[in-house]
Structure formats: structure tokens, C-alpha cells
There are 2 protein chains.
Amino acid sequence: MSNKQAVLKLISKRWISTVQRADFKLNSEALHSNATVFSMIQPTGCFHLGNYLGATRVWTDLCELKQPGQELIFGVADLHAITVPKPDGEMFRKFRHEAVASILAVGVDPEKASVIYQSAIPQHSELHWLLSTLASMGLLNRMTQWKSKSNIKQSTNGDYLVNDSDVGKVRLGLFSYPVLQAADILLYKSTHVPVGDDQSQHLELTRHLAEKFNKMYKKNFFPKPVTMLAQTKKVLSLSTPEKKMSKSDPNHDSVIFLNDEPKAIQKKIRKALTDSISDRFYYDPVERPGVSNLINIVSGIQRKSIEDVVEDVSRFNNYRDFKDYVSEVIIEELKGPRTEFEKYINEPTYLHSVVESGMRKAREKAAKNLADIHKIMGF
Amino acid sequence: MSNKQAVLKLISKRWISTVQRADFKLNSEALHSNATVFSMIQPTGCFHLGNYLGATRVWTDLCELKQPGQELIFGVADLHAITVPKPDGEMFRKFRHEAVASILAVGVDPEKASVIYQSAIPQHSELHWLLSTLASMGLLNRMTQWKSKSNIKQSTNGDYLVNDSDVGKVRLGLFSYPVLQAADILLYKSTHVPVGDDQSQHLELTRHLAEKFNKMYKKNFFPKPVTMLAQTKKVLSLSTPEKKMSKSDPNHDSVIFLNDEPKAIQKKIRKALTDSISDRFYYDPVERPGVSNLINIVSGIQRKSIEDVVEDVSRFNNYRDFKDYVSEVIIEELKGPRTEFEKYINEPTYLHSVVESGMRKAREKAAKNLADIHKIMGF
């Protein structure tokens, strides 16, 4: 086993937990031989470090591990993306292309994985409607994501303080977002879904809807997909490390993009918010969110535990050296993806062909499965 | 102009109200020369008198009046139907076929109108998702239909007494039903939508979403469809004339089906709940709901005003004669549709060919319009 690989605890078939914490580097036992892995990312343009470490790098690992019977479907969640209004159609189209270029740039192999646009496969929306006739409003009301995305205030213990006027302003799409996500996943009878921690609750809902459908129609049709949580903790904003790193952050110094030049990366890391303890660097996300975020980024990139990274950086006694070390690690990791991204973004025809071939395969499976679902339901 | 026709008040182009009360018998001025009329009915099996008078008879009138530039699309709303669970797939499939047989049996001409299954045209569900990212939860919360269908209690003045636990049990599909309805209508850029009074609020929402889309993308893409309210008031249950006539009523004596034998019709009318005033028959829906319902049915069938029918029945001084008169009027009207229904229901291949050809045409328009919508939005 190569030094990049770490052995995952042997998972006995009967006790497969519905939630797996993927190790830094997946190994072949993580998936059974005819697993179908499904995952998507929103098209917010070129990927940033959070997208890379939190989602798409696992896709690359899965491509490397892929066995003949397995199927990998990775997509651009452009139907989810419009739950936040995108009034500029041209800009949105550009973001979608950049997302595909980013997927290929991080190393996803279109020979091994189907790369798709969610919006180009009608069955996603069709199954969304069918599942929405099973999903109760009460269950959706308990989801937290639509509340956080609608900036609904939280009490000190983290509970959301929802009042009618807040809910009134929320758009139906944001509220029913997890049902579309369930449709995306179940449409391909997916068995494994790599997601970030914040999507865990939606995977619970997906399993619930799968079970409810199977029970109502007395068929064992949908498998209950396993949640594969990425090992790397959430990558936070460099300027406000209480928040996720996000493209929508007005301060672009808080985000490291896949196609940032080395100079820009170094400048952003140097400007990253830290704290006044300037001679020791250790992991304490509550007291030292900024430093811990940088340590977490190095840990994710080097696929090392936090402890090992803290060990490595203990030799630094000033912010300049510590931060330049962090920059070097990021610059080295993104060298390949940045070059590939620039290449792909200037080859729209190739990008188009990759997505077309990915969609041909995915459409076949989507059409077959939806036809089976329609038959069961009486359509 | 034939004696069946009544002249509609001339509608000046600028002041087209968004709501028209169709006359008993539509006339050619009701629709402009390139109108697109869209309407659907839920597949609850063979039509009953309420379906016939409240919805589908207008479709037949529209077929007779159709001018070359106009388009008529009438469908089976089978995606809407599953907002009330249908765990028996085979039964549901049978209901869908019976609905098509009923549409043809009442005289809708498949040469003049496209007869479709909603579920067989993916673009309905696709546009539903796109519009759900525009529809606010507050607006949907004010719709009354999901409350009445969820048996949510009403106060004496008719307001719904909605509490969280009630809403919690409601299924997302029932709550977002009007958004799918808006998608159905807007998908074909429909200009006129014949509906019953209880759907009027949903047509308001449809116009609101059309306007919101046009404004957000600065395009005059969707027309604002005109609501065409049927002239016949709601046909009520024969046994509990406070409620709509409905197939789901456990007491089948309360419903007159298109394929009821004359004997059965007579028996049901004789058993219809009326009141103790047995020698005079006049229209007073509050005090005499049963008698008024029968008068309204005759008025709808004969395309006569309530007053004229009250005039006609003033000659009766006992229930037997009055009720037998009502039975005769119904039996005569349903003679044709009953024979046709029996014919069509035994010709599944023909039914299939009618729907296939209707859907081919509708799919073409649906695919083109959705492609245009995708282009505007950036997909």
C-alpha cells in the first residue's frame, strides 16, 4: 500500500453505518464492488480551496480507486445554484463552464467518472416532484441549511429563531432544496455520497424518503445511500475564520482560488487574520480560529493528521515563516490544477464533449430508473 | 349566431381583465386569434357531473370554436393527483386511462386539441423547479387550497386556523401544488386557462410568477394568462350538498358518473338530500342547498340561467315529478358521453395513439419554450 494510503477500519457488511468518515486517502475497501458514488458541487465559478479539500479531491481519489463494477457520477448542481437568484444569465453560464473546468483541473478523469450538468437531465426535476409528494413540511422545517442561507438569527445555543415573517421571505426552492438533493442521489440508486458535514442532515432526509417510497409501494427499490464525510474539516474564510470560505464573500482576499497566481496566494495568506500569539502555532479552533484554519488547510493538503502538522510547524517562532510555509504548501498543491484549469477553460469544445459524454451515460441510467419508478407508481 | 350562442360583452384589448366569466356557451370573441388555451383535470377515473359541467364541457365548446391560429392543450394532471397518496399503482394507471376516455367521451376532438399526460412531459417538472426558486413561502402560505385539502379547521368567518403541527403533516407537494400548476400553464405560454372558481387564487399566483420572471431577466417572455371561470357554479354532492361532488366521497350515491346507467341516475337523484318544502322549487343555496344544487345542474346542462330553470320547474308541486324531470335532463345529456366512454375504454390502443399524438405536439412546444427559458437563465 503506497505511503499516501491509510488502512480504513474493516467495515463488516451488516454493520455498515450510514455515515462513514473517509480517511484522508480513501482505499479500495471504502466502497463495495458495485458501488455507485454520486456527488455534486454548485457552480460558483472557479473552485476555491474549500471546494477542493472539502469535496472534489475525494472525487479524484475515487477515480484512482475505481473498480470495473463501480460507477462514479459527479455533477454541477446548477439547479441548486439558482436557489440564490442569478439574474445575470451570461455570468451564470460562465460559472457553470468554470465549474466543469475546475472538476477536470483537480484531476477527475472523465473516462472513469460521468461529469454532468444537473439541469440537462430532466429526470432530476421529475423525481424531485415525485419525492415532494412524500416529504412532510415538518421534516423540511427542521432542516438547518435553508435557515442559515436565509440569514435567520440563531440563539446562543445555536438554535434558529424562526418567525413567520422570516419564513415568508424564503423562496420555496431553498426550502425544498434537500428534496431535490434526495432526487439527485436516488435517481442513480447511489450507494455512497461524499459530502461536507453541513450536508449530513440532507443525507438523513434522503434515506428517509428512500425508505418511505420503498414502504409505500412495497418494493425494495431505492438503496439507502451512505454518507461519506470528507476527512478535512470545513475550510474557513481567511479574513473571518468564523465563516466558511466562500466565493460570495465580498472580500476576495478571504478566498484562495484554484487559479490564483503564487504571488496572490502568498499575499492572501500573509493577510490572513490570526492572533497576537506570534511565536507558537497550535490547533485551537475556538481561541485561535485563524491559525487553526491554516493548520487544517495544511493537514488537508498533506493528508496528515492535525497533530502531525502541529508537530511540523512547531519549528516556527514567527508568523512570517509560519505563513510562508503554509503558502508554499498551497502553491505546490495548486500548481497542477492551476495549469490544467487555464488549459481547460480555453477549450470550451473539449469541455462540452466531456459533459456530453458524461451526460449520455447518466441520462441512460436516469431514464431507465425513472421509467421503473413511473411503472411502480402507475404512470 | 345559433340560438345556443350568447353574445359576450365586447372586450376592448387594453382592458382585458385577467378574469373572464365564460358565458354558458363560449363564442368566438372569447379568445383572440392566436390564443393558447390550457387546462387539466385530475385523473380520478371516469368523470362525474362536476368534472363535466365545471371543466371539460368548456373544452368541447373551445374545440368547436377553434380558429387556425389558436392552440388547445387539455391534459390529465397525474403529477398533481399524487399530492394525495396513490399507493396502488395499477388502480392509478386505470384512473388515468379512464380520464382520457372521459375527455374524448365528452366530445373533445383530438384533431383540434392536444390531449396529454402531465407526467409524460418532463418540462412541467423542470419548470416547476425553476419557478420554485422565485415563489416565496409567504405567498404559498396564503393559498387556501392546500389548507382545505389538508382538512385544516376554519373559523366561522372562513379563515383557516393553521397551527405548526397541522402544517408539519402537510406534504411539500400539496404546498407547492400551485407552483407546478403555474409551470403547467406558463410552459406553453398559455393565454387563457378555463378553471373552476376554487383555482382562481392559483391563477393569480401564476400571473405573479410570470411577472417576477419577466422582471428578473428583463424579458417579456411569459404572457399573463387570463382566468376563464366556468359559468356553472360548483356542482355539489347529492348527499351532503355543502361539499363539492367528488369521487373520493365514500357515499357513491352522492356522485353521478358519466357512465352511470339511466336507472342508477334516477335512483341517485331520488335519494338526493333535499328539504321539507315539497311543493315549490326555487334557488336558495343557503336555505335549500339540495334543491338549489339540482337546479344548478339543470341550468348548467341546458345552458340556461338559474332564473329560467326556476321558471321551468315552477310547474312541479311534488318532489317525485321535480326529481324525475332533473333525472331526465341528466340522462339525456349523458346518453352520448356514456356510450362514447364505454367505446373508448375498450379501445386502449386508440386511447394510447390519441395521447401519443397530442404529446408529440405538446412536447415540441414544451421543449422549445424550456430551451428558451434555459438560455435566458444561463443554463
Side-chain angles (χ1 to χ4, degrees), chain A residues 43 78-96 117 119-120 122-142 164-177 179-180 216-218 370 374-379, chain B residues 43 78-96 117-120 122-142 164-176 179-180 216-218 370 374-379:
Chain A
D78 48 7
L79 291 180
H80 283 293
I82 57 169
T83 52
V84 175
K86 302 281 187 300
D88 181 341
E90 283 322 308
M91 174 70 78
F92 185 50
R93 186 166 287 119
K94 180 172 164 288
F95 279 2
R96 294 169 63 242
Y117 283 127
S119 62
Q123 289 85 356
H124 286 250
S125 300
E126 293 184 86
L127 187 54
H128 166 255
W129 172 260
L130 303 179
L131 294 179
S132 69
T133 65
L134 299 178
S136 79
M137 297 284 285
L139 200 58
L140 292 172
N141 207 23
R142 288 194 287 280
D164 284 353
S165 96
D166 283 335
V167 179
K169 289 181 212 115
V170 173
R171 300 213 175 160
L172 175 66
L174 195 58
F175 184 77
S176 60
Y177 180 117
V179 180
L180 177 61
M216 179 163 160
Y217 292 103
K218 303 184 184 70
L370 193 80
H374 269 184
K375 199 154 177 260
I376 291 169
M377 297 181 76
F379 289 109
Chain B
D78 48 5
L79 291 180
H80 282 295
I82 59 169
T83 52
V84 175
K86 302 283 189 299
D88 180 341
E90 282 325 308
M91 175 72 77
F92 184 50
R93 188 166 286 120
K94 182 172 162 286
F95 279 2
R96 294 168 63 242
Y117 283 128
Q118 182 188 25
S119 62
Q123 288 84 357
H124 285 251
S125 299
E126 293 184 84
L127 186 53
H128 166 253
W129 171 260
L130 303 179
L131 294 180
S132 67
T133 65
L134 298 178
S136 79
M137 297 284 284
L139 200 58
L140 293 172
N141 207 24
R142 288 194 286 282
D164 283 352
S165 96
D166 283 335
V167 179
K169 290 182 213 111
V170 174
R171 301 212 175 164
L172 175 65
L174 195 59
F175 184 77
S176 61
V179 180
L180 178 61
M216 179 163 161
Y217 291 104
K218 302 184 183 71
L370 193 80
H374 269 182
K375 199 155 177 259
I376 291 169
M377 296 181 78
F379 290 108

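This structure is a prediction, so every number in the text was calculated from the model and none was measured. Letters A, B, ... are given to chains in the order of the sequence lines, protein chains preceding strands, and every chain is numbered from 1.
Residue A/L131 does not touch chain B at all, counting heavy-atom pairs closer than 4.5 Å. Using a 4.5 Å cut-off between heavy atoms, A/L370 does not touch chain B at all. Both the backbone and the side chain of A/K375 come within less than 4.5 Å of a heavy atom of chain B. Interface residue A/V179: only side-chain heavy atoms are found under 4.5 Å from chain B.
By number of non-hydrogen pairs under 4.5 angstrom with chain A, the leading residue of B/T83, B/V170, B/I376 is B/V170. Per-residue heavy-atom pair counts under 4.5 Å with chain B were compared for A/D88, A/L174, A/L180, and the maximum is reached by A/L180. Taking A/L140, A/L134, A/V84 one by one and counting their heavy-atom pairs under 4.5 Å with chain B, the maximum is reached by A/L134. Heavy-atom pairs under 4.5 Å with chain A peak, among B/G173, B/A135, B/A81, B/G138, at B/G173.
Shortest non-hydrogen contact noted between A/R171 and A/P85 is NH1-CG, 3.5 Å. Shortest non-hydrogen contact noted between B/L130 and B/M377 is CD1-SD, 3.9 Å. Contact between A/L172 and B/M137 at its shortest, heavy atoms only, is CA-SD, 3.8 Å.
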Would you mind writing out the side-chain donor-acceptor pairs for residues 122-129 of chain A within the sub-3.5 Å range, not counting sequence neighbours?
| from | atom 1 | to | atom 2 | distance (Å) |
| --- | --- | --- | --- | --- |
| A/H124 | ND1 | A/D184 | OD1 | 2.7 |
| A/H124 | NE2 | A/Y188 | OH | 2.8 |
| A/W129 | NE1 | B/L79 | O | 2.8 |

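Checked against side chain to side chain contact (heavy atoms under 4.5 Å, CB included), B/R96 has the following partners two or more places apart in sequence or in another chain: A/F379, B/P43, B/D78, B/F92, B/R93, B/Y117, B/S119.
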